[in-house]
2 protein chains.
Amino acid sequence: MSDDLFKALADPTRRTILDELAEKSGQTLFEVCSRLAMKHRLGISRQGVSQHLAVLEAAGLVETRREGRYKFHDLNTAPLRRITERWPLPHPDSHPHSRPSGPEDSTS
Amino acid sequence: MSDDLFKALADPTRRTILDELAEKSGQTLFEVCSRLAMKHRLGISRQGVSQHLAVLEAAGLVETRREGRYKFHDLNTAPLRRITERWPLPHPDSHPHSRPSGPEDSTS
DNA sequence: TTGATAGGCAAGCAAGTACTTGCCTATCCT
DNA sequence: AGGATAGGCAAGTACTTGCTTGCCTATCAA
């Protein structure tokens, strides 16, 4: 089930973490922590960030590799493909908002 | 903010509703209700579905048009584009899961 | 070994949210 | 008009979840 994927994306802090990992791959927990604090003024505890990273990892959006006492986190955007596969995007053809055809007027 | 978008996608029932609207556009509230009950065995009240549709509309994923006492709901997948714009997908180039490069071994 | 760093586990709290129930309005058909 | 259909509003409840605090393990440097 892709339940984990959407649940992971549901939280704004987690999305910010994804942004940070997109900008600099292979960050440790503490690195993510300090970036959230500095750049985004997010006063969140280390444990909070750790839980967020766990959710992101469960969704497959973050992959981890251990190295000594460090644990590096890498972004993996591949699972996002399932979203636009499930609900295909309209072609950016002509005008942006083309009204979908429907039962326009049947009786009058 | 795209907060509404991800919040809307976070719920499995709402995603099923999107599936149904993708299959048949321009459904009324009652139509969606009965489809959820029949096809998906979801015992959810009419008001529940109505609230879900409201959330989807707030996210821009569903557009509505009134016609007499009917209100038709249409799927609009355009907002989904922001997702893959924010975190670009890897090219389906060679092998599917290419490990991202990192500090492989620095000390040993 | 001792201390410092990087991270993990688990219980607890507070806020958000999915869902229901009850009642109300608007449009159509006879 | 009256009833039936399609939908909306609002309060209440039970569950989820984001976040904290406290303590524990593992790795590295002195």
Side-chain angles (χ1 to χ4, degrees), chain A residues 1 3-18 21 26-37 40-59 61-74 102-103 105-108, chain B residues 1 3-18 21 26-37 40-59 61-74 102-103 105-108:
Chain A
M1 289 280 279
D3 208 68
D4 292 339
L5 173 61
F6 295 100
K7 211 179 269 253
L9 292 171
D11 185 83
T13 303
R14 280 196 285 271
R15 294 196 295 272
T16 306
I17 292 177
L18 290 182
L21 289 180
Q27 296 188 53
T28 68
L29 170 60
F30 278 82
E31 221 172 330
V32 175
C33 275
S34 55
R35 284 205 167 212
L36 289 181
H40 302 276
R41 297 285 188 271
L42 281 180
I44 187 176
S45 75
R46 174 186 61 88
Q47 203 51 238
V49 179
S50 178
Q51 286 165 0
H52 280 310
L53 285 170
V55 173
L56 289 170
E57 186 171 10
L61 288 168
V62 162
E63 286 167 358
T64 61
R65 53 200 153 88
R66 266 228 115 116
E67 209 146 325
R69 63 176 155 175
Y70 298 107
K71 189 179 180 184
F72 299 106
H73 300 263
D74 300 299
D105 73 297
S106 45
T107 50
S108 80
Chain B
M1 287 281 278
D3 207 67
D4 292 339
L5 173 62
F6 294 102
K7 206 178 273 233
L9 292 171
D11 186 84
T13 303
R14 279 196 287 269
R15 295 196 294 272
T16 305
I17 292 177
L18 290 182
L21 289 180
Q27 297 188 53
T28 68
L29 170 60
F30 278 81
E31 221 172 330
V32 176
C33 275
S34 55
R35 285 205 168 212
L36 288 182
H40 302 277
R41 297 285 187 272
L42 280 180
I44 187 177
S45 76
R46 174 186 61 88
Q47 203 51 238
V49 178
S50 178
Q51 286 165 1
H52 280 309
L53 285 170
V55 173
L56 289 171
E57 187 172 9
L61 288 168
V62 162
E63 285 167 359
T64 61
R65 54 200 153 91
R66 267 226 114 116
E67 209 146 326
R69 63 176 154 174
Y70 299 107
K71 188 177 182 187
F72 299 107
H73 300 264
D74 300 300
D105 74 297
S106 45
T107 49
S108 80

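As the structure is a computational prediction, the values presented were derived from the model and not from experiment. Numbers restart at 1 for each chain; the letters A, B, ... are given by sequence-line order, proteins then strands.
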Visitor: Could you state the interatomic distance from NE2 (B:H73) to OG1 (B:T28), rounded to the nearest 0.5 Å?
Guide: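 Rounded to the nearest 0.5 Å, the NE2-OG1 separation comes to 7.0 Å.
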Visitor: So, is B:K71 near the phosphate of D:dG8, with a side-chain N or O under 4.0 Å from OP1 or OP2?
Guide: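 Yes.
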Visitor: Within the 4.0 Å limit for protein heavy atoms, which parts of nucleotides 22-28 of chain D are touched? Write it as a string from 5' to 3', B for base, S for sugar-phosphate only, - for none.
Guide: B----BS
Visitor: Is any side-chain N or O of A:T28 closer than 4.0 Å to OP1 or OP2 of C:dT5?
Guide: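 No, because none of the side-chain N or O atoms of A:T28 sits under 4.0 Å from OP1 or OP2 of C:dT5.
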Visitor: Quick one: B:L29 CG to D:dA6 C1', roughly how many Å, whole number?
Guide: 8 Å
Visitor: Could you say whether B:V49 or A:R66 is positioned toward the 5' end of DNA chain C, judged by the nucleotide with the nearest heavy atom to each?
Guide: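 Its nucleotide being nearer the 5' end, the pick is A:R66.
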Visitor: Judged by each residue's nearest nucleotide on DNA chain D, which is more toward the 5′ side, A:G43 or A:K7?
Guide: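 Going by which nucleotide is closer to the 5' end, it is A:K7.
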Visitor: Does D:dC19 have OP1 or OP2 sitting under 4.0 Å from an N or O in the side chain of A:S45?
Guide: no
Visitor: Could you check how far CG of B:D4 sits from P of C:dT17, rounded to whole Å?
Guide: 10 Å
Visitor: Write down the distance between CG (B:L53) and C1' (C:dA18), rounded to a whole number of angstrom.
Guide: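 Those two atoms, CG and C1', are 14 Å apart.
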Visitor: For the helix from C:dT1-D:dA30 to C:dT30-D:dA1, figure out the bend between the end axes, five pairs an end, and round to 10 degrees.
Guide: 20°
Visitor: Among B:L21, B:V55, B:I17, find the residue that satisfies the side chain to side chain contact (heavy atoms under 4.5 Å, CB included) test when tested with B:V62.
Guide: B:L21
Visitor: I'd like to know if the side chain of A:R15 and the backbone of A:A10 have a donor-acceptor N/O pair within less than 3.5 Å.
Guide: yes
Visitor: Any side-chain heavy-atom pair from A:T64 and A:F72 closer than 4.5 angstrom?
Guide: no
Visitor: Which whole-number value in Å describes the distance from A:Q27 CD to C:dG7 C1'?
Guide: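 A:Q27 atom CD is separated from C:dG7 atom C1' by 16 Å.
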Visitor: Suppose we screen for side-chain contact (heavy atoms from CB on, under 4.5 Å). Which residues come up paired with A:Q47, at least two apart in sequence or across chains?
Guide: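 Partners of A:Q47 under the side-chain contact (heavy atoms from CB on, under 4.5 Å) test: A:S45, A:S50, A:Q51.
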Visitor: Figure out the CG/C1' separation between B:D11 and D:dC15, and round it to whole Å.
Guide: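 It is 13 Å, rounded to the nearest whole Å.
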Visitor: Output yes when at least one side-chain N/O atom of B:H52 is less than 4.0 Å from OP1 or OP2 of C:dT17, else no.
Guide: no
Visitor: About how many Å separate OG1 of B:T13 and NE2 of B:H52, when rounded to the nearest 0.5 Å?
Guide: 4.5 Å
Visitor: Do you know which of A:L53, A:L9, A:V49, A:L56 makes side chain to side chain contact (heavy atoms under 4.5 Å, CB included) with A:R14?
Guide: A:L56
Visitor: Once rounded to the nearest 0.5 Å, what's the spacing between atom CZ of B:R35 and atom CG of B:L42?
Guide: 13.5 Å
Visitor: Please state how far atom CG in B:L9 lies from atom P in C:dT17, giving the value in whole angstrom units.
Guide: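 The answer, rounded to whole Å, is 14 Å.
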Visitor: Measure the distance from CZ on A:F30 to C1' on C:dA6 and round it to the nearest whole Å.
Guide: 5 Å
Visitor: Tell whether B:Q51 reaches the base of C:dT20 with its side chain through a donor-acceptor pair below 3.5 angstrom.
Guide: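 Indeed there is one.
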Visitor: Look at B:T13 and C:dC19 and indicate whether a side-chain polar atom (N or O) is within less than 4.0 Å of OP1 or OP2.
Guide: yes
Visitor: Take the protein atom CG of B:L56 and the nucleotide atom C1' of C:dA18, then report the distance between them rounded to whole Å.
Guide: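 To the nearest whole Å, that distance equals 13 Å.
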Visitor: Heavy atoms only: give me the nearest B:L5-B:A59 pair and the separation to one decimal.
Guide: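 Looking at all heavy atoms of both residues, the shortest contact is CA-CB, 3.8 Å.
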Visitor: Does any part of the side chain of B:R46, heavy atoms only, come nearer than 4.5 Å to the side chain of B:L29, both counted from C-beta?
Guide: yes
